[in-house]
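What follows is a single structure, written as C-alpha cells, with notes after it.
Chain letters run A, B, ... following the sequence lines, proteins first and then strands; every chain starts at 1. Since the model is a prediction, treat every value here as computed from it, not as a measurement.
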Amino acid sequence: MKEFSGSLGGLPWRGYLVERVEDLPKFLEWVRRQRGTTCFDTETLGLGIYHQARKMGRSFVRLSQFGNATEAWAIPVELGRPFYHAARTALIELPALTGHNMISFDGLASDKHLGVSLEVICSKSTDTMITSKLLDPRPPEAGGLGPKLKPQAAFYIDPSAPDTQDGLTKHFNSLGFTKETGWAGIDIFDPLYVEYALLDVILGARLLPVHLAELERLGVRKELLDYEHEISRICATMSRAGMLVDKEYTEGLYDTLDADYQRNFEIVQSYGVLKLGSPDQIAKALLESGEELTERTDAGNLKVDKSVLLHLCDRNDKWERIGGRTPNPLAEAVYHAKRASKWRTAYVDTFLEEMDEDGYVHCNINTLQARTGRMSVTRAAVQTLPSRDMMIRRCLLADPGEAVISVDFSAIEMRVLAALADVRRMKEAFANDEDIHWFTARLVAGEDATEYHRKKYKTVGLGKVYGGGVTTLARQSGAPEADVQHAINTYNRLYPEISRSSKKWTRQAYQNGMVHISATGRRLPLDRKRTYAVVNYACQSAARDVLGQSLIDMDAAGLLPYLRLPIHDEVLAFAPTGEVEEVEREIRKCMTMDLFGVPITAEGEIGKRSWGSLYGADF
DNA sequence: CTTCTCACG
DNA sequence: ACGTACGTGAGAAGT
C-alpha cells in the first residue's frame, strides 16, 4: 500500500493506493464504514467503452477510485480478479455514490467492464455534471465555469486545486506519450497519475454538497434534479443498447465515397487547388475561371460555401437544375469532393471505428449539453446525419426481425411558444388542431391564402422563435425586405403576446441577475448583448423538457428497451416487426400531452430494418 | 486556438 | 433608440 496526502481548502486529505492483494481487506473495511455519499471515478484506456478493450486486448478500466471528503482509495483493477472484485463489491455495497459525468461514462463503463449494472449505479447516484449544468449551463467561452472538474473545484472548493486533467496531459507529454496514448500507456503505479486519480474523487466528494447547497440557495427545485437523473439513466440505457452497423454496406459506402472524392478532387487539383478545405484557394481558382464572387464571410473573406457553389452549379439544394446559367465544372467538383470527404470522415469512418465486437455503435448522449438544456450526441454525431439523402442513415440497422420507428412532435417550438407566451389566437388554432402556418396565412389573406403565404408566415414564425430580424429573414426566405417587414408587422398585430412576453421575460431576467428561469425552473443565463434570445431559450428549453418528460413516461410504460435515440423533437426506436404498430402507438401516446392549455401532439413513422428506410432506402 | 464550412433540429 | 436568427459536433486549414 502506498500513501498520499495533502491539503485542499484548508482541509487535509489522505489517499491510499492498493498495490497488492493483501491490501484489499483494509479497503473493504473502509468501504463498510462509509455511511454518506462516496465519490466514484475510473481511469480507463480512453473513452471507447465498447470497442477499445477488445482492440487493445486489455482491461478497459485501469484504476477505480473511491473517496469521501478526506480519504480516497485507488484500486488497480487491471491487475486481476481480486482487484476487480474489490471494486465491484465497493460499488454494490456503498450506500450512495457521486461522481463527475459518472452516469454516462463511469456508469456505463462499470456496466460493461466491472460487473455492476447501470441500473444499480443509477439507483444511488448523484452526478455532479448534472448539478453543475443546473447551476450554470454555459461553457467557459460563454461566461460560465464550464462543466470540467478543475474550474468547478477551483470555484467551489479551493482556487489552488490542481488541474488534474491538464496536469496529466503535461505529465503524459513529459513521458513521451500524447494526450491520447497516455491513458493506456502510463504505468499503473505512476505516482502523479495515482495522486491525481485520488484527488479527483476527493474533489468530487466535496463538490456535491456544495453544489446541492448552492442549488437550494438559488431555489432550484429538487424535482428538477431528480428529473435530470432519470433522463440521464434513460439516455445511458439507450447508449448501452446501441445500434447495429450494417458492416458490409458501410464498408461498401466507404469505397464509394472515397472513389467519389478521389475522382472529383483530381478535377479540383487540375484547377490548381491543392487543399480542398481552403476557401482561399477555391475562391482564387473560381475567380480565375471567370466567375464573380460577391458574398463575403464575417471575417471579410470571399465566401465559397455550399449555397455559393450550388448557384455556380446552377442547382438548388435538391440538386435540380435551376436553368439560369451554364454550370461551372470546378464548382461541381468542389461540391462533390467536399461532400464525399465529409460524409466519409465524419460518419462512415466513425461508425466503423466505434463499432463494438458485435457490430454495434454506442453513441454518447450528453443529456444537458446546450445552454438551453438541449441534448447533444457524439461519437458518432447521429443527430446530424444527412436527411436529404438516405445513404448515411442506411448504415444503421435495427436487429434482425426488427423495424425502425420514428415519432416526431408536431410543430413543437410553435406550440411551446403559444403555451409559454399564452398567445390567445395560436392557442385557439392548436386547440382546433390547425396547421399553425396555414392558420396565420388565412388570418391575413382569408380564403385567398396560398402556399406562398404559408411559407412566408412560416419563415416569420420561425424567426420569432429564433429572434431573427428583417435582414436575416429576407435573406433566408429570398423575399424583399419590405415584404418581410410587412409580414413581421402583421404577425406582431395578430399575436401581440409574443413581444409582450419577450419584454416581460427580459425584464425579469434583469431582476434575476441576467438569468431567465424556465417553465421547469431551469436557470438560463442571458448574454447582455443578446437579451432578445430569451424567447428562443425559453422555447428551446421547454421543448427539450417536453421531450424529457415524454422519455420518462415511455420508461414508465415499459418502452425503454425499444428506445435508441432522442433527436430534439423526435424519438428513434427499434421493435420486433410483430410489435412495431403497438410500440409506435405507445410512444406516440407518451409524446401527446397538454402544455399550459396547448395540446402537444406527435406523428409516427414505421420503416424497415435500416434507419435509411425512413428516408427512401428499400431495406 | 480560431475560422470556415457543413451536417442536423 | 437601436438592431440581433437559436442550439449543437466535426474536420480541415491557417495563424
Side-chain angles (χ1 to χ4, degrees), chain A residues 137-139 141-142 273-283 295-310 317 334-335 337-350 363-389 391-393 406 408-409 411-413 416-417 459-477 484-485 488 502 506 524 526-541 543-544 547 565-572 615:
Chain A
R138 293 173 300 175
E141 59 271 24
V273 176
L274 302 174
K275 302 280 188 182
L276 188 58
S278 168
D280 265 8
Q281 290 183 22
I282 293 168
E295 289 200 64
R296 302 240 166 211
T297 66
D298 289 342
N301 304 318
L302 288 174
K303 199 165 193 171
V304 285
D305 67 1
K306 196 167 106 173
S307 75
V308 172
L309 291 174
L310 280 173
D317 57 8
V334 169
Y335 176 82
K338 282 176 96 169
R339 189 173 112 142
S341 152
K342 176 179 172 163
W343 288 13
R344 210 213 71 195
T345 55
Y347 305 126
V348 175
D349 283 1
T350 315
C363 303
N364 187 24
I365 305 174
N366 309 299
T367 57
L368 281 171
Q369 179 60 23
R371 60 187 293 173
T372 55
R374 257 200 183 185
M375 304 181 192
S376 80
V377 178
T378 58
R379 310 165 55 94
V382 286
Q383 284 182 321
T384 69
L385 304 188
S387 58
R388 282 214 170 82
D389 191 307
M391 72 167 76
I392 301 293
R393 291 185 199 239
S406 159
D408 276 55
F409 286 117
I412 183 70
E413 286 195 320
V416 163
L417 175 64
T459 307
V460 176
L462 212 59
K464 279 285 155 204
V465 175
Y466 290 149
V470 181
T471 322
T472 322
L473 290 183
R475 181 157 20 91
Q476 181 53 222
S477 64
V484 172
Q485 182 61 65
I488 291 176
S502 174
T506 311
L524 305 175
L526 299 185
D527 300 336
R528 248 164 228 292
K529 289 185 174 167
R530 301 159 65 238
T531 55
Y532 64 90
V534 72
V535 175
N536 181 260
Y537 290 178
C539 291
Q540 196 179 99
S541 126
R544 183 276 187 193
L547 174 76
L565 267 185
I567 315 172
H568 308 309
D569 68 342
E570 174 191 355
V571 170
L572 186 75
Y615 298 81

What is the distance, rounded to the nearest whole Å, between atom OH of Y347(A) and atom C1' of dT5(B)?
12 Å
Within the structure shown, what part of the strands sits under 4.0 Å from D280(A) by heavy-atom distance: base, sugar-phosphate, or nothing?
nothing
Nearest-angstrom distance, P atom, dA5(C) to dG9(B)
22 Å
With the side chain of A381(A) defined as its heavy atoms from C-beta on, choose the nearest nucleotide among dA10(C), dG14(C), dT5(B).
dA10(C)
Base partner of dC6(B), which must satisfy Watson-Crick or wobble distances under 3.5 Å
dG9(C)
Base, sugar-phosphate, or nothing: which does Q369(A) touch, judged by heavy atoms less than 4.0 Å apart?
sugar-phosphate
Check if the side chain of R374(A) and the base of dG9(B) share a donor-acceptor pair of N or O atoms closer than 3.5 Å.
yes
Atom CG of N364(A) to atom P of dA10(C): distance rounded to whole Å?
9 Å
Any base atoms under 4.0 Å from V465(A), or only sugar-phosphate, or nothing? Heavy atoms, all strands.
nothing
Classify the side chain of K342(A) versus the base of dC6(B) as yes if they form a donor-acceptor pair under 3.5 Å and no if they do not.
yes
With the side chain of S376(A) defined as its heavy atoms from C-beta on, choose the nearest nucleotide among dT5(B), dG7(C), dG9(C).
dG9(C)
Sugar-phosphate, base or nothing in reach of I412(A), heavy atoms under 4.0 Å
nothing
Base, sugar-phosphate alone, or nothing: which one does R388(A) contact when heavy atoms must sit under 4.0 Å apart?
sugar-phosphate
Over all strands shown, is Q476(A) touching base, sugar-phosphate only, or nothing at heavy-atom distances under 4.0 angstrom?
base
Winner on side-chain proximity to N536(A), out of dC4(B), dC6(C), dG7(C), is dC6(C)
Nucleotide nearest T472(A) (side chain, heavy atoms from C-beta), chosen from dA5(C), dC6(C), dC4(B):
dA5(C)
State whether the distance check finds a donor on one side and an acceptor on the other, under 3.5 Å, for side chain Q383(A) versus base dC8(B).
no
